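Right, one structure below, let's go through it.
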Amino acid sequence: MQIETLKWQSPLMTMKEAVEYLRLNVGANEERRASADAIRSLEYLVEQGRIRPTKGIGRSNRFHRDELDRFMREATWGSRMQGQEGGMRR
C-alpha cells in the first residue's frame, strides 16, 4: 500500500494535514505556498468560525475530515447560491 493512501486513514488531522487536505498550501497557479501562510489561512478560518476544530485532543487542534468536507461543501454551494440570489437565475 502506498504512503499517500495511508495518509488520510485517520479521520482526525493535525493542522498541517488539514492544510494539505484543503490544499491551502497550493496557490491559484498550482505553485506551493509557504507553510506558515497556509497555516495562517486555516487559523483565520477557525477564528471566523467557518471551520470547527476538535478540542481536547493533545495540545493542539485536530480537524475531523467530516468537518473539513462540510466546510468545502458549504464554500462551494454557498458561492453558487449567492450567484443565484443576486439575480443571476435563468
Side-chain angles (χ1 to χ4, degrees):
M1 189 176 275
Q2 295 177 347
I3 290 177
E4 288 297 316
T5 57
L6 292 175
K7 186 187 271 187
W8 309 118
Q9 289 296 320
S10 171
L12 292 178
M13 299 179 205
T14 64
M15 186 167 279
K16 184 178 177 188
E17 291 169 334
V19 161
E20 291 176 15
Y21 187 79
L22 293 172
R23 296 181 48 87
L24 296 174
N25 59 338
V26 179
N29 296 323
E30 294 296 314
E31 77 275 358
R32 302 289 289 179
R33 293 178 60 201
S35 179
D37 289 342
I39 288 174
R40 275 194 291 275
S41 295
L42 181 57
E43 288 171 342
Y44 176 79
L45 292 168
V46 169
E47 288 170 9
Q48 296 298 308
R50 296 181 64 196
I51 295 178
R52 295 178 305 265
T54 301
K55 298 287 186 178
I57 301 173
R59 291 185 171 178
S60 58
N61 287 332
R62 297 287 190 267
F63 298 87
H64 198 283
R65 184 181 314 124
D66 291 344
E67 174 64 10
L68 300 177
D69 290 341
R70 179 206 55 81
F71 165 75
M72 291 304 293
R73 274 192 310 276
E74 287 182 6
T76 302
W77 288 102
S79 27
R80 289 182 184 173
M81 296 305 287
Q82 287 174 356
Q84 289 178 354
E85 290 171 5
M88 299 192 132
R89 282 192 187 149
R90 292 183 178 194

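Just so it is clear, the structure is predicted and the values come from calculations on it, not from any experiment.
- With sequence neighbours excluded, no residue forms a salt bridge (charged side-chain N to carboxylate O under 4.0 Å, His left out) with Arg50.
- Atom OG1 of Thr54 and atom CG of Asp66 lie 9.5 Å apart (nearest 0.5 Å).
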For Leu22 and Phe71, what are the C-alpha separation, side-chain angles and deciding distance, and is it a side-chain contact (heavy atoms from CB on, under 4.5 Å)?
CA-CA 9 Å; Leu22 293 172; Phe71 165 75; 4.3 Å; yes

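- Residue Tyr21 comes nearest to Arg65 through the heavy atom pair OH-CG, 3.3 Å, listed as atom of the first residue, atom of the second, then distance.
- When all heavy atoms of Ala38 and Val19 are compared, the closest pair comes out as CB-CG1, 3.4 Å.
- When the side-chain contact (heavy atoms from CB on, under 4.5 Å) test is applied to Arg52, the partners found at least two apart in sequence or on another chain are Glu67, Arg70.
- Between Leu24 atom CG and Tyr44 atom OH the span is 13.5 Å, to the nearest 0.5 Å.
- Looking at residues two or more places apart in sequence or on another chain, you find a side chain to side chain donor-acceptor pair (under 3.5 Å) between Ser41 and Arg33.
- By the side-chain contact (heavy atoms from CB on, under 4.5 Å) test, Thr14 is found to be paired with Lys16, Glu17, Arg62, residues two or more places apart in sequence or in another chain being considered.
- Side-chain contact between Met13 and Glu20: absent, with no pair of heavy atoms (C-beta onward) separated by less than 4.5 Å.
- Counting heavy atoms from C-beta on, the side chains of Asp37 and Arg40 come closer than 4.5 Å.
- Evaluation of the salt bridge (charged side-chain N to carboxylate O under 4.0 Å, His left out) rule for Asp69 yields no partner, not counting sequence neighbours.
- Rounded to the nearest 0.5 angstrom, Leu42 CG and Asn61 CG are separated by 8.5 Å.
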